[in-house]
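Side chains included, hydrogens not; waters and symmetry mates left out as well; all remaining heavy atoms used.
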Amino acid sequence: MNNRLGLIAFLTDEYDRAISWFQEALQFVLLEDTDMGHGKRWVRMAPQHDAQTAFLIARATGDQRRAVGNQAGGRVGHFLFTDDFDAMYAHMTKAGVTFREEARHEPYGTVAVFEDLHGNLWDLLQPKR
């Protein structure tokens with residue numbers, strides 16, 4: 001048996017806004033954008049085309065709207081790994097991403113907490129080798 005984590009839902013208020021943010025701020029690629037009818041789309045994005053895991057961009061409806069910006073209850077909920085922290089940090093800063101702190105060095109690597117377009121917290125992390 002070969003199991004893997006394929007998709008993680010990312011709640012947003014608007015598909016195109018989320019797509020633009022992921023592309024511009026995080027340099028993600030759009031893997032798929034399929035119209036499902038009735039205003040619903042199947043939108044997959046990932047750091048690169050061959051990524052094992054991708055985000056399913058999901059437009060929140062009804063009670064789900066309360067979770068936009070609070071997907072992890074105020075904790076860091078997503079971890080973006082990079083092999084060049086300084087370059088990615090500079091790119092993200094130039095793209096207008098809000099960092100909550102300066103980069104810090106931990107036993108596991110270099111890390112800084114940032115906010116996505118809805119205020120969810122992420123770590124930008126270059127693991128120690």
Is the shortest distance from a Lys or Arg side-chain nitrogen in Arg104 or Glu102 to a carboxylate oxygen in the other one below 4.0 Å?
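Result for this pair is no, no salt bridge flagged.
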
Is Asp13 salt-bridged to Arg59, cutoff N-O under 4.0 Å?
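No, this pair does not count.
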
Mind telling me whether Phe10 and Phe22 have parallel, tilted or perpendicular rings, with 30° and 60° as the class edges?
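Ring orientation, 0 to 90° scale: perpendicular.
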
Closest non-hydrogen atom pair between [X] and [Y], with its separation:
| X | Y | answer |
| --- | --- | --- |
| Glu101 | Val111 | OE2-O, 4.1 Å |
| Asn3 | Met1 | ND2-SD, 3.3 Å |
| Phe81 | Pro127 | CD2-CG, 3.4 Å |

Looking at the rings of Phe114 and Tyr89, which for Trp means the six-membered one, are their centres under 6.0 Å apart?
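No, they do not, as the ring centres are separated by 6.0 Å or more.
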
Solution key, residues 116-124 side-chain donor-acceptor pairs under 3.5 Å, sequence neighbours excluded:
unit_1 : atom_1 : unit_2 : atom_2 : d
Asp116 : OD1    : His118 : N      : 2.7
Asp116 : OD1    : Gly119 : N      : 3.0
Asp116 : OD1    : Asn120 : N      : 3.1
Asp116 : OD1    : Asn120 : ND2    : 3.4
Asp116 : OD2    : Asn120 : ND2    : 3.0
Asp116 : OD2    : Trp122 : NE1    : 3.0
His118 : NE2    : Thr12  : OG1    : 2.8
Asn120 : OD1    : Asn70  : N      : 3.1
Asn120 : OD1    : Gln71  : N      : 3.0

Do Gln23 and Phe28 have side-chain heavy atoms sitting under 4.5 Å apart?
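Of all side-chain heavy-atom pairs linking Phe28 with Gln23, none is under 4.5 Å.
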
Begin from the C-alpha positions of Val97 and Glu115 and carry the test side chain to side chain contact (heavy atoms under 4.5 Å, CB included) through to its verdict.
CA-CA 7 Å; Val97 173; Glu115 298 177 14; over 6 Å; no

Option among Lys128, His105, Gln126 that satisfies the side chain to side chain donor-acceptor pair (under 3.5 Å) test with Thr110:
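One option only clears the test, and that one is His105.
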
Between Glu32 (side chain) and Val43 (backbone), is there a donor-acceptor pair under 3.5 Å?
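Pair absent, no side-chain N/O of Glu32 close to backbone of Val43.
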
